[in-house]
> 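Have a look at this one before I ask anything.
Chain identifiers are assigned alphabetically (A, B, ...) following the order of the sequence lines, protein sequences preceding nucleic acid strands; residue numbering begins at 1 within each chain.
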There are 2 protein chains.
Amino acid sequence: MRAAADTKTRILDTAERLFAEHGYAPTSLRKVIAEAGVNLAAVHYHFHSKQDLLEAVVVRRAAPVNRERLEMLARCEREAGGKPPPVEKILEAFLAPAFRLARECTEGGAAFARLMGRLHAENDALPRILKNNFGPVLTAFHSALHRALPEVPKEELFWRMYFAVGAMAHTLRGDQGLEFISNGACPTPDWQTTLRRLIDFLSAGFCAPVKVRRKRK
Amino acid sequence: MRAAADTKTRILDTAERLFAEHGYAPTSLRKVIAEAGVNLAAVHYHFHSKQDLLEAVVVRRAAPVNRERLEMLARCEREAGGKPPPVEKILEAFLAPAFRLARECTEGGAAFARLMGRLHAENDALPRILKNNFGPVLTAFHSALHRALPEVPKEELFWRMYFAVGAMAHTLRGDQGLEFISNGACPTPDWQTTLRRLIDFLSAGFCAPVKVRRKRK
DNA sequence: GTCTATAACTTGATAGAC
DNA sequence: GTCTATCAAGTTATAGAC
């Protein structure tokens, strides 16, 4: 169990870390194999191409995270008993799994979360993978949020989710962003505090009064 | 004035567009010169290196945008006469120049805004350029927001700006993101409407009650 | 499954003629 | 300022031995 990981896993782990750290395009397979201590041909044997390696890296983590999101959503809807759960709880169900993975896991998880934050911007590569993995999740959360906020038009709600995803991805990327904005004055706290801050911020945004006039049919 | 642009400008324009469309790393200089219709050596003559070309692309647009941000901020502070201006106005001063560049300019501006959205994620390359261009702006806006929201601790305010920048960058990137989230059901409106929605969303976030306990000194 | 060797190509950068 | 020609190094990917 704790023995040295096999070749395939070592490649996945290393690629995950390097893609997260430097981005997909600038990370060559040779850098990956050098750090993973495997042979170049092994990458092509196990993953066929660099692009497919990226997809393998993504699906390995995305599936559990999205499953947990839906589970947390279902749980908080159950606890609310009939009524729609509070917006904070819905947002927590969406955000917490990703943040925990990002900041709590000992090894690979942290890198992956940064990678996802990156890919939201560098995603030319994997449209259908994202669509398959995240599409149903986004639909489920849009529906939950719509029930919690019936006064917000569906279209506006999509936009608010879009803004929220941007804030989340930016935060998950977790590079020197905040130190930069705050000019170094702002220490990075534990992930629970960051998550708490983000949920408070976004909840208020979702509950904001709607001022944009609805387009007539 | 409307004559064919000179070599240097053509390179800048083309690089801006391609960097925005595909990212910095995957865009080779040869793709740039092919579309710009210039010689490869001209790039190195005018810009020395690919990295310096990117910096030139960034500074050309960032400087005017940031100047306009500070002007709008100063104007709305003047109009508020002594009192701090409303949060919406401060946010508008920060967001509107970037959005107008993104969605109104006929040619290059739109590409640049997408590029900036991208670089917020792919920015390993240009830390000091961003620092020089955006540092003072962020400081000014943090200070303005602090005066408008004295009950929000400075540290929390930095985080909220961080979230807001993430949402802005994500929105400016403006790829198929929303169509993706909404599964194609959500048409992309004009930029003023998007800006209005974003300001409403972020204003509420900035004004949210502070729940995270302040750390003791 | 893992290796070596190498094909086939692209990259950023430069030297030097004009 | 702009060109051609080219370098040196990097890239993904594959063929074939073990």
> Side-chain donor-acceptor pair under 3.5 Å between B/T14 and B/R10, yes or no?
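There is no such pair between these side chains.
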> Testing the basics here: between B/P26 and B/K31, what is the closest heavy-atom pair and its distance to 0.1 Å?
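Taking B/P26 first and B/K31 second, the nearest heavy atoms are O-NZ, 3.0 Å.
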> Please work out whether the ring planes of B/F158 and B/H142 are parallel, tilted or perpendicular, with thresholds of 30° and 60°.
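The arrangement is parallel - the two ring planes meet at less than 30°.
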> Rounded to the Å, how far apart are B/I33 CD1 and D/dG1 C1'?
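The answer, rounded to whole Å, is 16 Å.
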> If the cut-off is 4.0 Å, is A/T7 near the phosphate of C/dG1, judged by side-chain N/O to OP1 or OP2?
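No, outside the criterion.
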> Base contacts versus sugar-phosphate-only contacts with protein, heavy atoms under 4.0 Å: please encode nucleotides 11-18 of chain C as B, S and - from 5' to 3'.
BBBB----
> Does a side chain donor of either B/D200 or B/S203 reach within less than 3.5 Å of an acceptor in the other side chain?
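No, B/S203 and B/D200 have no side-chain donor paired with an acceptor closer than 3.5 Å.
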> Kindly write out the residues that satisfy ring pair (Phe, Tyr, Trp, His ring centres under 6.0 Å) with B/F94, not counting sequence neighbours, or none if the list is empty.
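B/F94 satisfies ring pair (Phe, Tyr, Trp, His ring centres under 6.0 Å) with B/F141 only.
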> Do the side-chain N or O atoms of B/N39 get closer than 4.0 angstrom to the phosphate oxygens (OP1, OP2) of D/dT4?
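The answer is yes; a side-chain N or O of B/N39 sits under 4.0 Å from OP1 or OP2.
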> C/dG1 P sits how many Å from A/Y45 OH, rounded?
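Between P of C/dG1 and OH of A/Y45: 5 Å.
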> Could you pull out all residues at least two apart from A/K89 that satisfy salt bridge (Lys or Arg N to Asp or Glu O under 4.0 Å)?
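So A/K89 forms a salt bridge (Lys or Arg N to Asp or Glu O under 4.0 Å) with A/E92.
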